[in-house]
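Chain naming here is simple, since letters A, B, ... match the order of the sequence lines and numbering starts at 1 in each.
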Amino acid sequence: MNKYRTHNCNELRKTSVGNSVTLSGWINKKRDHGNLLFLDLRDNYGVTQCIIDKDNSKFKELEKMQLETVIKIEGKVIDRSNETINKDISTGEVEVTIINFEVLGTCKELPLPVFSDQEYSEEIRLKYRFLDLRRKKIHQNIILRSKVISFIRSEMIKLGFLEFQTPILTSSSPEGARDFLVPSRLNPGKFYALPQAPQQFKQLIMVSGFDKYFQIAPCFRDEDARADRSPGEFYQLDLEMSFVEQEDIFDVVEKLMIKVFKNFSDKKILFEKFPKITYSDTMLKYGTDKPDLRNPLIISDITKLFVRDDISFEIFKKLVKKGSIVRSITIKNIKDKPRSFFDGIDKWAKDQGSSGLAYFTLEKNQKISGKGPVGKFFSEESLIELMKLTNAEVGDTIFLSCGKQSDVEKILSLARTKIAEELNLIKDDHFAFCWIVDYPIFELDELTKKIKFSHNPFSMPQGDIHNLDLSKPLSLKAYQYDIVCNGIELSSGAIRNHIPELMYKLFDIAGYSKKDVENKFSGMINALSYGAPPHGGIAPGIDRIVMLLANEKNIREVTMFPMNQNAQDLMMNAPSEIEESQLKELSLSLKTKK
RNA sequence: GGGGGUGUAGCUCAGUUGGUUAGAGCGAUCGCCUGUCACGCGAUAGGUCGAGGGUUCGAGUCCCUUCACUCCCGCCA
């Protein structure tokens with residue numbers, strides 16, 4: 001028999017009454033009645049109420065024990081009388097009379113209470129993460145994460161995927177995010193990079209003939225943090241398949257996501273067949289490539305109205321003449337909101353750095369007119385045309401934004417969320433998945449006016465790949481796709497370009513010579529020249545999936561040991577300074593900052 | 001790199017128009033209490049009000065600088 005426990009703290013039931021037991025755990029809470037002490041003992045599994053009174057010679061000693069001390073209790077399981085049963089815990093019908101106890105781990109005065117539902121500053125939580133992780137909610141989140149990962153792993157294996165590990169020390173990649181670099185001792189002046197994703201390796205695995213690969217892969221990107229983006233590292237369900245088309249990837253991922261989300265959440269999945277939205281459609285209708293489809297509000301383009309002579313909204317007309325666009329959001333049932341609501345939205349938009357949002361409500365007395373600050377600028381005919389373009393009806397309110405396309409998209413995307421939240425239009429108990437498809441391969445760099453890859457340079461262009469018309473590169477689409485849930489981008493993927501000649505051509509358009517490509521992607525290009533299968537894949541973000549399932553808004557609530565916003569681990573003191581001798585060994589010297 | 005928010009006891013927070021000795025709950029320490037499950041009651045200790053500078057007869061409160069944490073923009077093929 002184990003010397004620490006015969007049962008865990010969530011095992012004892014009425015059937016155990018009369019048994020002698022040994023329990024070990026943390027002192028979760030004490031209720032001291034002076035001559036009678038209730039003590040809740042907690043472990044990973046649950047809580048058991050233990051009890052001791054002054055007749056026991058150990059009473060005084062136990063009464064003085066700090067919360068969170070680890071103790072072993074020997075005692076007897078006894079029945080609780082009806083009126084003292086605690087229905088909130090599963091061991092609540094019984095309790096353990098303490099006969100003897102032993103301290104296994106002492107505890108200093110706590111910097112943060114464990115038994116409390118209070119919120120604490122992240123600073124203290126991260127510094128004492130081991131205490132924070134004992135707290136119920138985050139403890140359960142981390143357990144959920146473990147279960148989700150196990151579930152995914154077993155589903156992937158069932159689907160015939162093979163799990164492989166890929167190198168953590170690899171080469172720096174010229175495209176994409178900033179790399180974390182590791183100096184090489186044996187190769188002075190040279191650096192490894194931590195992989196931003198196992199992108200090239202998984203393609204090499206396909207070229208190696210393994211057909212279906214997956215990995216719960218750590219990815220390292222040296223980028224600034226957000227609520228849904230940990231600095232440093234995160235995890236992806238990285239997967240790749242050979243001899244597949246886009247639909248084959250969708251099929252695997254849709255089935256997997258539905259299984260995972262049904263298994264681990266009670267929320268309803270809005271579309272079991274995930275809608276496919278083209279990139280250009282989503283940018284128009286939602287202003288973003290990660291739309292929250294729980295939100296019913298839709299954006300419309302009404303630029304062409306502003307050449308009409310019967311609209312006298314001169315500011316917008318002038319801007320449109322110079323190339324600006326006008327888009328609008330239509331909202332139902334808010335015409336009776338107070339003026340302060342509308343002005344509040346306008347002010348909010350200005351605070352977001354935009355030039356604000358114009359608005360008016362469609363009215364009909366004798367004829368249709370616009371009510372609100374800019375309503376008077378519109379004739380009846382122009383409003384009828386606007387109603388056609390926006391699917392608006394009399395009584396609806398229209399918010400308008402005019403400006404550069406990317407600015408209009410950005411502010412209306414934010415406004416769509418803001419307004420829906422204010423009006424409570426977003427159903428919180430739903431998951432709304434969708435695919436974003438048909439991404440353009442190239443885009444124009446606004447600063448340099450040069451053509452650059454808009455996403456993954458290894459994606460396969462759509463169309464006849466043997467006779468591709470490269471004369472209009474900006475209109476080329478790729479077999480590149482994102483999966484989005486509730487406005488959170490879960491993952492990007494693509495059918496890869498496995499034809500070296502075509503890759504050279506595409507890189508050429510983005511300004512890379514054949515030599516550049518061979519230098520930067522030698523491993524890949526070389527491999528693709530020795531019989532590469534058509535292949536493609538995707539990499540859903542594990543942390544974000546768990547975040548959605550745990551109903552958390554912050555990724556650190558589902559990450560065991562996250563870093564803070566400045567990419568510091570307050571518990572381990574990372575990053576830290578290193579010895580001069582270590583630097584020397586690596587042939588490095590530091591330029592000391594002033 | 002830029003913008004917003006926050007910073008007062010170990011923890012969570014209050015602190016009025018600038019005005020006496022900066023408060024509460026939890027926690028800690030001590031005492032009382034045999035059926036609690038957020039046990040109750042009483043007492044005690046605990047504060048460079050993030051730091052520095054300024055305005056003022058007087059600053060937790062107003063101004064400037066700075067630091068930390070956080071949210072957002074940039075960035076994230």
Side-chain angles (χ1 to χ4, degrees), chain A residues 28-41 47-56 59 63-64 66-68 78 80-89 91-92 95 97 107-128 131-132 173-179 196-197 199-200 219-232 234 290 348 351-354 407 410-411 414 439 441-443 446-447 452-459 478 480 489 492-494 507 510 512 520-521 539 541 553-554 556 564-566 568 570:
Chain A
N28 194 49
K29 189 70 188 163
K30 286 183 299 185
R31 288 173 296 279
D32 189 353
H33 290 232
N35 294 313
L36 174 74
L37 172 70
F38 296 98
L39 182 154
D40 293 336
L41 198 68
V47 169
T48 301
Q49 173 165 287
C50 305
I51 182 168
I52 186 169
D53 68 19
K54 66 168 193 295
D55 296 338
N56 188 314
F59 177 78
E63 203 183 16
K64 294 274 176 285
Q66 281 268 5
L67 297 185
E68 294 306 308
I78 56 171
R80 290 210 212 178
S81 65
N82 270 336
E83 64 277 12
T84 61
I85 285 174
N86 183 352
K87 291 201 177 75
D88 297 334
I89 54 175
T91 57
E95 59 196 9
T97 359
C107 180
K108 298 198 285 188
E109 187 177 342
L110 294 166
L112 70 105
V114 171
F115 177 71
S116 167
D117 293 328
Q118 263 177 24
E119 306 266 351
Y120 304 98
S121 74
E122 296 246 356
E123 195 172 1
I124 199 118
R125 291 182 60 195
L126 294 183
K127 183 166 181 191
Y128 297 95
L131 288 177
D132 190 37
S173 57
E175 298 278 320
R178 231 171 274 121
D179 283 318
Q196 296 184 19
Q199 180 63 36
Q200 294 193 52
C219 303
F220 305 90
R221 294 179 194 173
D222 187 2
E223 293 300 328
D224 287 352
R226 288 289 182 278
D228 65 351
R229 200 166 83 201
S230 267
F234 61 96
K290 35 186 181 182
W348 164 87
D351 289 344
Q352 300 302 306
S354 83
D407 293 341
K410 189 176 291 167
I411 189 62
L414 291 170
Y439 276 84
I441 297 182
F442 299 109
E443 65 186 16
E446 285 195 19
L447 287 176
K452 62 172 188 180
F453 284 108
S454 63
H455 288 85
N456 186 331
F458 301 120
S459 298
Q480 158 103 35
E489 180 192 323
S492 307
F507 269 96
Y512 295 86
K520 284 166 177 165
F521 307 106
K553 290 206 161 51
N554 192 303
R556 293 185 293 277
N564 70 9
Q565 197 165 44
N566 291 325
Q568 300 159 337
L570 299 175

Handout entry: Audit row: A:Leu36, A:Lys54, side-chain contact (heavy atoms from CB on, under 4.5 Å) steps and yes/no
Key = CA-CA 6 Å; A:Leu36 174 74; A:Lys54 66 168 193 295; over 6 Å; no

Counting the atoms with a prime plus P, OP1 and OP2 as sugar-phosphate, which does [X] contact under 4.0 Å by heavy atoms, base, sugar-phosphate, or nothing?
X        : value
A:Asp222 : nothing
A:Arg556 : sugar-phosphate
A:Ile89  : nothing
A:Asn564 : sugar-phosphate
A:Phe453 : sugar-phosphate
A:Gln568 : sugar-phosphate
A:Glu119 : sugar-phosphate
A:Gln49  : base
A:Leu37  : nothing
A:Pro457 : base
A:Thr84  : base
A:Ser492 : nothing
A:Asn554 : sugar-phosphate
A:Lys29  : sugar-phosphate

Exercise for the section: Using heavy atoms to find the nearest nucleotide of RNA chain B for A:Arg226 and A:Asn566 separately, return the residue whose nucleotide is more 5′. Expected result: A:Asn566

Problem - Integer-rounded Å distance: B:C76 P and A:Arg221 CZ - result: 10 Å

Problem - Rounded interatomic separation in angstrom, taking OH from A:Tyr120 and P from B:C69 - result: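 Interatomic distance, OH of A:Tyr120 to P of B:C69: 21 Å.
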
Problem - B:C57 - base-pair partner by Watson-Crick or wobble geometry, distances under 3.5 Å - result: B:G19

Exercise for the section: Determine whether the aromatic ring centres of A:Phe234 and A:Phe220 lie less than 6.0 Å apart. Expected result: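 Centroid distance A:Phe234-A:Phe220: not below 6.0 Å, so no.
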
Of the options [options], whose atoms approach the side-chain atoms of [X] most closely?
X        : options             : value
A:Leu36  : B:G35, B:U12, B:C33 : B:G35
A:Gln118 : B:G25, B:C76, B:U36 : B:G25
A:Phe38  : B:U70, B:U36, B:U12 : B:U36
A:Gln66  : B:G35, B:A28, B:C69 : B:A28
A:Lys410 : B:C69, B:C73, B:C39 : B:C73
A:Ile124 : B:C11, B:U70, B:C69 : B:C11
A:His33  : B:G35, B:U29, B:U70 : B:G35
A:Glu123 : B:C33, B:A68, B:C11 : B:A68
A:Ala227 : B:U70, B:C72, B:U34 : B:C72
A:Asp224 : B:C75, B:G35, B:C69 : B:C75

Problem - Residue-phosphate contact under 4.0 Å: A:Arg31 side-chain N/O, B:U36 OP1/OP2 - result: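 For B:U36, OP1/OP2 do not have a side-chain N/O of A:Arg31 under 4.0 Å.
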
Exercise for the section: State the CG-CD distance between A:Leu126 and A:Gln565, to the nearest 0.5 angstrom. Expected result: 11.5 Å

Problem - Residues A:Ser454 and A:Glu443: side-chain donor-acceptor under 3.5 angstrom - result: no

Handout entry: A:Ile78 backbone acceptor or donor facing A:Thr97 side chain under 3.5 Å
Key = no

Problem - Pair A:Asp40 + A:Lys29: basic N to acidic O under 4.0 Å - result: no

Practice task
May I ask you to decide if the ring planes of A:Tyr512 and A:Phe507 are parallel, tilted or perpendicular, using 30° and 60° as cut-offs?
Solution key: perpendicular

Problem - Polar pair under 3.5 Å, donor/acceptor by atom type, side chain A:Arg80, base B:C37 - result: yes

